[in-house]
Amino acid sequence: MVLSVLLRFIYPPPSNLFVAAMSVISLVSLGYSGIMEMKGKHMQYSKLWNFGTDQKISADKKVKISSKTGMIIAYTPAFLVGVGSFVLLPVGDFRFDLLRSAITIHFFKRIFEVLFVHKFSGWMDIDAGTTISLSYFTSSATMIYSHYLIQGFPEPQTDLKYFGALLFLVGISGNFYHHYLLSKLRIKGDKNYKIPQGGLFSLVICPHYLFEIMGFFRNFMHFPNIISILLYTGKCFLLDGKELCHQKMVPV
């Protein structure tokens with residue numbers, strides 16, 4: 001009964017063992033990262049550099065790169081996965097094209113923001129940069145490849161792909177707008193934390209994360225499958241942890 005209801009909205013579970021394994025691994029790794037964020041053990045980058053870390057480990061002993069360089073490294077492989085899918089898998093149905101286009105545009109936006117919007121003042125632990133990069137790369141590749149495998153399967157009875165496209169546009173626009181507001185908080189060389197103003201910051205601690213979660217939910221609507229549910233759940237764990245971290249940083 002439950003399965004028959006679910007199949008009105010999602011594709012059948014994947015038969016490919018590799019895809020299923022990668023989905024579970026992504027859920028566990030993202031969920032673990034989110035729990036660590038909640039416990040105060042944060043990935044070391046930008047304003048979180050040395051925030052909540054074990055003071056036994058000196059910052060001078062960490063292998064670090066600039067936050068800007070680290071973010072480019074984090075986002076570029078996933079962006080190339082999206083672009084490469086159009087070259088390596090040129091033939092795809094409309095739903096498949098929606099999914100990989102959204103992934104490609106999402107990471108292009110992130111790279112654009114790193115180059116032209118964000119103001120960076122800190123460092124990134126090379127281990128954190130590598131972990132973030134691998135996470136985005138594997139989740140994007142898994143989503144694209146798994147959807148490629150199920151092309152031609154009967155689609156779910158309830159079609160959410162157009163609503164997913166609308167949600168993606170709202171999410172990516174809202175996320176960009178609040179990133180723009182954050183970029184206006186600092187002047188060059190300013191490293192002090194400032195309470196954001198404008199937009200939805202008076203209502204939500206991290207509205208840019210809210211819109212990011214909204215944008216990521218489009219993956220489920222473009223590709224309604226247990227894989228997208230697992231990846232989305234893991235991403236929510238991570239962003240919830242980061243939001244709690246930002247809440248702790250706000251001066252009382």
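Every value quoted in this text rests on a predicted model; they were computed, and no experiment measured them.
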Please tell me if the side chains of [X] and [Y] come closer than 4.5 Å, counting only heavy atoms from C-beta onward.
{"X": "F96", "Y": "R100", "result": "yes"}
{"X": "I72", "Y": "L115", "result": "yes"}
{"X": "M124", "Y": "I73", "result": "no"}
{"X": "F176", "Y": "F112", "result": "yes"}
{"X": "D159", "Y": "R95", "result": "yes"}
{"X": "K109", "Y": "E113", "result": "yes"}

Kindly compute the distance separating [atom1] ([X]) from [atom2] ([Y]), expressed to the nearest 0.5 Å.
{"X": "L200", "Y": "C206", "atom1": "CG", "atom2": "SG", "result": "12.0 Å"}
{"X": "L89", "Y": "Q151", "atom1": "CG", "atom2": "CD", "result": "8.0 Å"}
{"X": "I111", "Y": "L80", "atom1": "CD1", "atom2": "CG", "result": "7.0 Å"}
{"X": "K119", "Y": "S183", "atom1": "NZ", "atom2": "OG", "result": "4.5 Å"}
{"X": "T69", "Y": "W123", "atom1": "OG1", "atom2": "CH2", "result": "9.0 Å"}
{"X": "I103", "Y": "L98", "atom1": "CD1", "atom2": "CG", "result": "11.0 Å"}

Linked hydrophobic residues, L169 as query - side chain contacts closer than 4.5 Å: I105, F168, I172
Measure centre to centre between the rings of Y75 and F79, then say whether the value is under 6.0 Å. no
Check against side chain to side chain contact (heavy atoms under 4.5 Å, CB included), L182 and F201: CA-CA 10 Å; L182 288 172; F201 280 110; 3.7 Å; yes
Does L149 form a side chain to side chain contact (heavy atoms under 4.5 Å, CB included) with Y145? I'd like the steps, not just the answer. CA-CA 6 Å; L149 292 178; Y145 180 60; 3.7 Å; yes
[X] side chain to [Y] main-chain N or O, any donor-acceptor pair under 3.5 Å?
{"X": "H106", "Y": "A102", "result": "no"}
{"X": "S135", "Y": "T131", "result": "no"}
{"X": "S140", "Y": "Y136", "result": "yes"}

Given the rule that I, L, V, M, F, W and Y join up when any side-chain heavy atoms are under 4.5 Å apart, are [X] and [Y] in one cluster?
{"X": "I144", "Y": "F94", "answer": "no"}
{"X": "V170", "Y": "L203", "answer": "yes"}
{"X": "L99", "Y": "Y162", "answer": "no"}
{"X": "L210", "Y": "F163", "answer": "yes"}
{"X": "F108", "Y": "M71", "answer": "yes"}

Other residues, nucleotides, ligands: >12 heavy atoms within 6.0 Å of Y148 OH: no
Counting only heavy atoms not in F86 (residues, nucleotides, ligands), do more than 12 fall under 6.0 Å from its CZ? yes
Heavy-atom pair of closest approach, residues S146 and M143: OG-O, 3.0 Å
Please test N175 against H208 for side chain to side chain contact (heavy atoms under 4.5 Å, CB included), starting from the C-alpha separation and ending with a verdict. CA-CA 5 Å; N175 179 261; H208 48 304; 3.8 Å; yes
Starting from the C-alpha separation in whole Å, work towards a yes-or-no answer on side chain to side chain contact (heavy atoms under 4.5 Å, CB included) for K68 and V114. CA-CA 6 Å; K68 188 171 187 176; V114 170; 3.8 Å; yes
